[in-house]
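A quick write-up on the structure given underneath.
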There are 2 protein chains.
Amino acid sequence: MKSWQTVRAEALARIRSGAWPPGETIPREADLAEEFGCARATMNRAMQSLADEGYLDRRRKGGTRVAAMPVRKAVFEIPVIRQQVEQRRSTHAYRLVTDRLTTPPEAVCAALKFGSRMQLRRVTALHLADGKPFCVEDRWLNPAFAPPGEADFAEVSANEWLVRHVTYSTGTLAFYARPANAALVRLLKCAHGASLFAIDRTTFDAGTPITSVTLTYAPGYRMETLM
Amino acid sequence: MKSWQTVRAEALARIRSGAWPPGETIPREADLAEEFGCARATMNRAMQSLADEGYLDRRRKGGTRVAAMPVRKAVFEIPVIRQQVEQRRSTHAYRLVTDRLTTPPEAVCAALKFGSRMQLRRVTALHLADGKPFCVEDRWLNPAFAPPGEADFAEVSANEWLVRHVTYSTGTLAFYARPANAALVRLLKCAHGASLFAIDRTTFDAGTPITSVTLTYAPGYRMETLM
DNA sequence: CGTCGTATTAAGTATAGACATATTTTTGGA
DNA sequence: TCCAAAAATATGTCTATACTTAATACGACG
């Protein structure tokens with residue numbers, strides 16, 4: 001009795017080895033099930049999994065074919081900064097820099113889809129790894145969601161507070177490179193104009209704008225993953 | 001009759017709304033199936049899908065609980081550069097800069113797991129969008145895999161050639177920021193030291209080292225995705 | 001010669017029942 | 001009291017069968 005995972009692995013091996021070349025239509029589920037010695041449901045589960053990951057294109061009546069030009073997908077895990085530091089076996093420290101209500105720039109209003117230029121809570125903080133600057137957190141928060149009274153970021157970072165209070169959210173994410181400005185130079189202790197890796201993230205919870213944050217990492221930071 | 005996708009959506013709604021709070025153990029499959037009005041197999045398919053994406057933690061006998069601190073996952077699509085340019089409704093152009101056998105630096109040998117410092121094929125090229133520099137491709141190739149005779153990169157970029165010839169591969173991927181050096185300044189026509197977004201990718205096919213490439217994008221480039 | 005409806009096909013899915021497997025809990029001894 | 005063996009339990013999976021749905025092929029008809 002073969003598990004669908006086994007069947008999946010065998011099928012993937014055929015794709016990788018070229019036994020099923022890109023663009024080629026492969027036999028129908030029912031026939032493959034017989035060949036692999038399993039039920040059609042099992043075959044279906046395996047092929048569906050491969051299709052989900054972009055290895056196969058499947059169409060009703062049209063049959064299944066190996067993707068000719070698969071869109072490579074890279075999956076990055078975006079952990080909480082403290083965990084990220086601790087995973088590197090470093091000691092995490094955190095320093096709140098500013099926390100006040102301010103009128104945000106146009107770009108932030110647009111990202112959060114706030115029509116009027118209402119005042120938002122701006123929180124900036126520095127994360128350290130083994131005492132050295134690791135990452136600057138520059139955040140705009142919807143004050144209705146996280147009022148200064150309820151959410152105090154002196155000890156627990158906004159980054160972590162949010163993960164606990166708005167666990168499952170949607171939003172956008174962007175990676176880019178930016179030069180160090182005066183504020184970043186001061187916090188990260190890097191050269192002016194240094195190339196820094198940055199992440200912009202905007203978060204909504206059931207349509208309500210929650211926060212827009214820019215995380216800027218110290219020089220040399222790399223975001224890595226396997227394919 | 002509910003599809004597992006429908007059931008999945010309903011369950012996800014409960015998680016997002018907080019009806020099933022983070023850390024909480026939810027009822028067993030059999031009971032949920034009854035509540036949702038479907039068979040256990042259907043419930044299982046739905047919950048398994050949610051567990052795959054990190055929303056749930058499931059253990060035999062232990063039951064299913066909502067992930068307390070989910071690791072956020074971001075999925076990026078890594079397209080062929082030409083497609084990437086064309087998706088932005090720009091015209092893609094390509095210019096081969098160099099193509100010769102050279103001894104690679106230590107770092108490249110290490111990434112490709114080449115013991116001896118054998119000569120590799122180095123290919124550098126420039127990709128343009130609407131005539132403007134878009135991305136510099138700096139690649140080291142295993143000459144045994146892509147000999148100069150068979151693989152000519154004057155017209156078709158190595159990027160594209162490889163997608164066609166080694167479709168399903170494994171490897172590593174890293175995103176980072178780097179300053180523009182002299183070579184990049186010349187090709188991308190940017191300021192010296194400008195902050196540039198870069199991708200390192202090393203590719204293996206069934207254990208054989210294929211290629212290691214650095215893609216450096218023109219200033220202002222952002223790698224975006226939805227969560 | 002086109003085009004509209006129908007038959008056919010292959011994937012998508014649902015279900016009940018059975019068994020497998022990993023843990024936890026309980027129980028029975030030393 | 002403590003530990004090992006056994007029972008209980010929730011998820012993991014397979015199977016056979018039946019039905020649904022989307023897309024294609026094809027033939028009748030204007």
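Lettering follows sequence order; numbering is per chain, from 1.
A close approach under 4.0 Å does occur between a side-chain nitrogen or oxygen of T42(A) and OP1 or OP2 of dT15(D). Checking the phosphate oxygens (OP1, OP2) of dT11(D), no side-chain nitrogen or oxygen of Q48(B) falls inside 4.0 Å. Proximity of N44(B) to the phosphate of dG12(D): a side-chain N or O atom is located under 4.0 Å from OP1 or OP2.
Looking only at side-chain heavy atoms (C-beta outward), F134(B) and L128(B) stay at 4.5 Å or farther from each other. Within the 4.5 Å cutoff, the side chain of K73(B) has no heavy atoms near those of the E53(B) side chain. L226(A) places none of its side-chain heavy atoms less than 4.5 Å from the side chain of T170(B).
Contacts of residues 26-38 of chain A with DNA chain C (heavy atom under 4.0 Å): R28(A), E29(A).
Applying the salt bridge (Lys or Arg N to Asp or Glu O under 4.0 Å) test to residues at least two apart or on different chains, the pairs with a partner in residues 196-224 of chain A are D200(A)-R222(B), R222(A)-E224(A), R222(A)-D200(B). For residues 126-139 of chain B, the salt bridge (Lys or Arg N to Asp or Glu O under 4.0 Å) pairs, not counting sequence neighbours, are R122(B)-D138(B), E137(B)-R139(B). Residue pairs satisfying the side-chain hydrogen bond (donor to acceptor under 3.5 Å, both in side chains) criterion with at least one member in residues 32-41 of chain A, sequence neighbours excluded, are listed as follows: R14(A)-E35(A), E29(A)-R40(A). Judged as a ring-ring contact (aromatic ring centres under 6.0 Å, His included), not a single pair has a partner in residues 17-39 of chain B (not counting sequence neighbours). Listed by first and then second residue, the salt bridge (Lys or Arg N to Asp or Glu O under 4.0 Å) pairs that reach into residues 149-159 of chain B come to none, sequence neighbours excluded.
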Please list, pair by pair, any protein nitrogen or oxygen found under 3.5 Å from a nitrogen or oxygen in nucleotides 19-23 of chain D.
{"unit_1": "dT21(D)", "atom_1": "O3'", "unit_2": "R60(A)", "atom_2": "NH1", "d": "3.0"}
{"unit_1": "dA22(D)", "atom_1": "O4'", "unit_2": "R60(A)", "atom_2": "NH1", "d": "3.4"}
{"unit_1": "dA23(D)", "atom_1": "O4'", "unit_2": "R60(A)", "atom_2": "O", "d": "3.4"}

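To the nearest angstrom, C1' of dA10(D) lies 14 Å from CE of M43(B). Atom pair R45(A):CZ and dT13(D):C1' shows a separation of 10 Å (rounding to whole Å applied).
Every residue was checked against the side-chain hydrogen bond (donor to acceptor under 3.5 Å, both in side chains) condition with T203(A), not counting sequence neighbours, and none meets it. Listed by chain and residue number, nothing satisfies the salt bridge (Lys or Arg N to Asp or Glu O under 4.0 Å) test with R45(B) (two or more places apart in sequence, or in another chain). Legend: residues meeting side-chain hydrogen bond (donor to acceptor under 3.5 Å, both in side chains) with T42(A), ordered by chain and number and at least two apart, are absent.
Of all nucleotides in DNA chain C, those with any atom nearer than 4.0 Å to a heavy atom of chain B start and finish, going 5' to 3', at dT13(C) to dT24(C).
Heavy-atom distances to DNA chain D give each of A41(B) and T64(B) a nearest nucleotide, and the one nearer the 5′ end belongs to T64(B).
Using a 3.5 Å distance cut-off with no hydrogens or angles, the side chains of R82(B) and S157(B) do not pair a donor with an acceptor.
Side chain of R121(B) to main chain of A146(B): a donor-acceptor pair is present (N/O by atom type, distance under 3.5 Å, no hydrogens or angles).
The end-to-end axis angle of the helix from dC1(C)-dG30(D) to dA30(C)-dT1(D), rounded to 10 degrees and based on five pairs per end, is 10°.
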